[in-house]
Amino acid sequence: MTTTVDVTRNPLWKKASGHQQAIAELHLRELFDTDPKRGTDLTVTAGDLYVDYSKHRVTRETHGLLLDLVRAAGVEEQRDAVFAGEHINVPEDRAVLHTALRERRGATLMLDGQDVIGDVHAVLDRVGAFTDRIRSGDWRGATGKAIETVVSIGIGGSDLGPAMVHRALRHYADGPEVRFVSNVDPADLLSNLTDLDPRTTLFVVVSKTFSTLETMTNAQAARRWLTRALGEDAVAQHFVAVPTNVDLVAAFGIDSESTFGFWEWVGGRHSVGSAVGLAVMAAIGRARFADVLDGSRRIDEHFRTTPLESNAPVLLGLLGVWYATFFGADSRACSTTSASRRRNTKRSVRRSARVQLERCRNCSPNTWTTPSSGSAPTRRLCRRSDREVEVSAEEGQ
Ligand SMILES: O=P(O)(O)OC[C@H]1O[C@H](O)[C@H](O)[C@@H](O)[C@@H]1O
């Protein structure tokens with residue numbers, strides 16, 4: 001059973017707050033002058049990732065203090081509870097097992113009497129076989145034409161994961177074109193359909209409940225667009241479903257053979273490793289999709305087994321808490337490096353902490369990301385915000 005600890009009542013919290021006040025005005029240059037080895041020591045590796053947090057506003061003392069807080073908060077126990085399939089989603093009384101989606105074939109994890117890993121691979125195999133058929137042109141639409149475009153309809157957790165992964169991996173895409181529709185404003189669907197041919201279009205309706213208003217409204221509109229051109233019988237060849245609630249799918253007219261389930265114990269964007277990622281698999285192929293799952297598993301293993309001191313997800317999470325809560329930086333800008341990004345960093349680093357918080361007000365900052373460091377929104381955020389902004393840089397290719 002997992003318990004929640006109010007770490008803000010721990011004396012360590014006050015200590016961290018005092019420490020923040022002591023170092024808040026220090027320039028990064030001073031931090032390097034007093035600790036020249038921080039550039040190599042305040043770094044960790046996780047799989048292929050090299051994480052350098054030496055340019056952040058932390059010292060070795062900050063590192064130690066924050067890790068003490070992590071231990072006091074019981075993060076290690078909570079982490080182990082995640083991997084063990086305990087019901088850490090307390091309000092919904094559910095396990096949170098996205099890690100099971102990338103477990104190796106043959107591993108075992110029993111959840112409520114059911115072998116979760118066996119189920120995961122059975123569905124991945126079906127999705128793989130289906131997307132192979134789409135990619136090879138073996139799966140035909142109602143008029144006998146191969147599928148050229150896959151339109152994934154979903155919202156929230158049933159859209160964000162696949163849309164993000166597809167965007168990140170678009171340079172590996174060698175299958176049908178993939179588009180994502182989530183907005184209930186009909187303009188979103190219509191603008192995506194306007195240049196498509198119903199004869200070569202396949203819709204993937206992704207919805208855990210298969211009853212979300214936005215998704216079902218868009219799915220019904222897409223169905224009308226298709227059946228107006230090809231007739232009711234075409235639905236079976238042009239629609240597939242990714243639900244947990246299989247019963248509602250049949251009523252929509254989607255075949256059970258074209259229904260790829262997922263589970264109550266996975267939620268949000270992390271479900272992309274399941275059948276929710278079907279459109280991504282269609283775009284990049286099952287082998288590359290398996291590579292994504294392998295990489296995710298390596299990070300899971302790192303998170304599960306690496307001591308907290310050099311545990312990348314823990315340290316990056318702590319940086320978020322450090323800035324958001326102790327510096328009052330309620331926004332985080334992530335950007336690739338370049339001269340203009342460096343200017344933003346300097347400006348942000350110069351900015352002194354304006355808000356001192358005694359208690360956790362905002363443990364999770366808003367994250368602003370941009371593929372190009374020259375991006376106007378991030379620049380504007382840094383220049384106009386009267387709050388601290390955490391700037392993290394990702395080295396461009
Ligand atoms: O997958 P669905 O049941 O269609 O739900 C899709 C989304 O609906 C809402 O936006 C919820 O806030 C999200 O948490 C959920 O991911």
Side-chain angles (χ1 to χ4, degrees), residues 82 87-102 111 116 119-120 123-124 126-127 130-131 150-168 178-189 192-193 202-226 235 238-256 258-282 289 292 296 362-367 369:
V82 171
H87 287 205
I88 63 153
N89 178 344
V90 175
E92 296 177 16
D93 191 20
R94 283 181 190 159
V96 178
L97 265 182
H98 47 282
T99 51
L101 298 177
R102 48 253 191 167
L111 182 70
V116 166
D119 288 354
V120 163
V123 176
L124 279 177
R126 284 188 59 227
V127 176
F130 177 74
T131 53
V150 173
V151 180
S152 187
I153 299 177
I155 194 168
S158 296
D159 169 69
L160 288 166
M164 185 268 288
V165 173
H166 178 259
R167 184 184 166 125
V178 170
R179 299 180 182 187
F180 293 88
V181 172
S182 61
N183 200 316
V184 74
D185 184 331
D188 192 14
L189 181 70
N192 272 293
L193 296 185
L202 178 89
F203 293 97
V204 187
V205 185
V206 186
S207 175
K208 193 166 180 175
T209 53
F210 218 73
S211 57
T212 305
L213 180 67
E214 292 89 337
T215 299
M216 297 326 293
T217 303
N218 279 327
Q220 291 292 354
R223 194 183 195 283
R224 284 194 296 277
W225 176 83
L226 182 95
V235 172
H238 291 266
F239 272 87
V240 301
V242 181
T244 53
N245 193 338
V246 179
D247 296 343
L248 294 174
V249 176
F252 189 92
I254 298 177
D255 210 82
S256 60
S258 307
T259 301
F260 304 92
F262 65 116
W263 306 272
E264 289 295 341
W265 45 257
V266 65
R269 64 203 69 176
H270 305 290
S271 59
V272 64
S274 70
V276 170
L278 188 150
V280 178
M281 209 192 275
F289 195 83
V292 173
S296 307
N362 190 349
C363 291
S364 172
N366 302 312
T367 298
T369 60

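Counting convention: from 1, in listed order, for ligands and their atoms alike.
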Legend entry - Option whose closest heavy atom lies nearest to atom 6 (C) of ligand 1, chosen from I153, I155, L160: I155
Legend entry - Nitrogen or oxygen atoms of S158 and ligand 1 under 3.5 Å apart: yes
Legend entry - Nearest protein heavy atom under 4.0 Å from atom 11 (C) of ligand 1, yes or no: no
Legend entry - side-chain contact (heavy atoms from CB on, under 4.5 Å) evaluation trace for T209 with N245: CA-CA 6 Å; T209 53; N245 193 338; 5.7 Å; no
Inset, instruction - Indicate yes or no for a side-chain donor-acceptor contact from R223 to the backbone of G253 under 3.5 Å, with no hydrogens or angles considered. - result: no
Legend entry - Polar side chain donor-acceptor pair, S271 to S274, under 3.5 angstrom: no
Legend entry - Which residue and heavy atom of the protein sit nearest atom 5 (O) of ligand 1, plus the separation: T212 OG1, 3.4 Å
Legend entry - Protein contact of atom 13 (C) of ligand 1 - nearest heavy atom, named by residue and atom, plus distance: G157 N, 4.4 Å
Inset, instruction - Decide yes or no for W263 and V116: does some side-chain heavy atom of the first lie under 4.5 Å from some side-chain heavy atom of the second? - result: no
Legend entry - For atom 3 (O) of ligand 1, the protein heavy atom that lies nearest, with its residue and separation: T209 OG1, 2.7 Å
Inset, instruction - For the pair F260 and F130, name the ring-plane relationship: parallel under 30°, tilted 30 to 60°, perpendicular over 60°. - result: tilted
